[in-house]
Amino acid sequence: MIKIDDPLVQQSFQELATYIALPSVSAKHQAQKQTADFLKKLLEEVGAQVQVLTDYPAPLVFAEIKPQQPSTTTILIYNHYDVQPEEPVELWHSDPFHLKITKDKLIGRGAADCKGDFISRLTALRRYQQKHGDWPCNIKFLLEGEEEIASEHLPQYLAKYHELLAADLVLWESGSKNEQEQFSIQGGNKGVLCFELVANSAAIDLHSSYAAVVDSAPWRLVAAINSLRDADGHIKIPGFYEQVLPPTSREQELVEQAAVPDLQEKWQLTLPLLKNKSVNYNLTFSPTINIEGLSSGWEGPGVKTVTPKTARAKLEFRLVPNQDPQEIFTQLTQYLQDQGFSDIQVNYLLGESAYRWDLQHPLVDLLVETAQKCYGGADQIELLPSSPGTGPMALINQYTQAPIVACGVGYSKSGNHAPNENIRISDYLEFIEFFDQFLERL
Ligand SMILES: [Zn+2]
């Protein structure tokens with residue numbers, strides 16, 4: 001196994017420190033150009049041909065390395081260089097944009113999602129090149145700067161530049177070990193439709209004595225929201241499940257084999273889990289509806305006897321393959337109208353489609369075999385056809401037609417998007433070793 005004092009690892013810590021020090025928060029449009037320039041320099045150092053595409057505010061970095069001995073295999077590495085906002089800053093124990101190296105951890109915004117992943121991959125490539133003076137196949141990089149804001153301009157970038165992306169396999173941005181410490185390899189993600197509901201019931205907030213005769217926006221809003229789902233989480237909109245792609249038997253098998261997380265224990269849940277199919281089945285295959293936030297009226301200290309004029313809620317559906325966000329939005333608006341809620345404003349916020357597959361491909365077999373060897377055997381590996389989260393996999397797959405797998409340097413307490421985001425140095429080193437070994441087997 002590669003050691004922490006290996007000069008390549010020490011160099012990679014410096015690169016990761018510089019990378020994390022670039023506060024590339026896409027929600028605030030920060031440091032986009034500087035970060036793209038930094039990545040260009042890094043990739044050119046390993047001999048890649050790099051293009052920084054600047055059609056939209058966050059540059060898209062595309063790079064390609066080709067072996068001297070021509071190869072028919074191409075691996076595309078997708079990562080994003082943007083990160084989530086650092087707030088709430090007071091909950092960080094160190095500066096979010098300064099890589100803190102402890103005896104066992106690397107801490108900083110982006111360590112796990114996904115600056116650490118990118119640098120570990122690059123380090124494995126460097127290591128391979130040091131040994132062989134060449135590359136095992138064609139390697140492409142697609143590094144975007146808006147993943148954390150739903151890849152706002154990636155569709156336009158890909159529509160224009162998709163010919164650059166032809167590949168046989170896409171290695172997705174990041175991944176992590178699960179709670180059982182199994183190295184997780186995942187082949188998809190859910191889609192999403194985020195929307196807002198707004199109820200208005202009067203020109204002004206009223207004295208609440210009028211509640212005797214006046215209905216109010218918050219009651220209206222909760223009634224509308226309540227019409228969307230039953231107590232078991234089943235979504236009541238006609239046609240909502242019509243396009244849902246059922247899992248194949250192989251996909252179901254993979255999910256049944258996976259360890260079931262104890263969510264009750266993990267988050268000290270105070271409500272029972274929704275009564276429907278198994279936990280893993282739902283996490284992987286079921287679309288959901290979630291209320292992200294609700295606001296109306298007086299939320300300050302003490303009492304204010306008021307009948308609010310406005311109420312708003314932000315909600316989301318997580319979608320599965322073949323559900324189209326736009327189509328679902330149309331069904332939603334129609335349903336609310338049919339239920340007598342035509343006074344409720346429905347605003348589309350964002351949508352992404354889902355992607356999922358059964359992980360059957362010779363290159364993935366090779367990846368899995370390598371993982372079994374490097375991570376301690378078949379029972380130390382988890383294979384899942386999809387993650388419950390969302391990302392632009394469907395979009396990349398639409399243009400590349402190449403299968404996608406996600407795996408990486410995180411672990412169950414990495415705290416992606418949260419304060420004190422971190423990875424373990426042991427996982428970082430293991431991943432470098434694993435990816436280097438995978439390159440060796442190609
Ligand atoms: Zn990410």
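Side chains included, hydrogens not; waters and symmetry mates left out as well; all remaining heavy atoms used. This structure is a prediction, so every number in the text was calculated from the model and none was measured. Counting convention: from 1, in listed order, for ligands and their atoms alike.
- Nearest to the Zn ion (ligand 1), among the N, O or S atoms that D113 has, is OD1.
- In summary, H80 places an N/O/S atom under 2.8 Å from the Zn ion (ligand 1), meeting the contact criterion.
- Among the heteroatoms counted here (N, O or S) of E173, OE1 is the one nearest to the Zn ion (ligand 1).
- In this structure, Y161 has its ring center no closer than 6.0 Å to that of F62.
- By the 4.0 Å N-to-carboxylate-O rule, K190 lies too far from E352 to be salt-bridged with it.
- With ring centers used as reference points, F183 lies under 6.0 Å from F434.
- Contact check on K41 versus E15 returns no salt bridge, with no Lys/Arg side-chain nitrogen under 4.0 Å from an Asp/Glu carboxylate oxygen.
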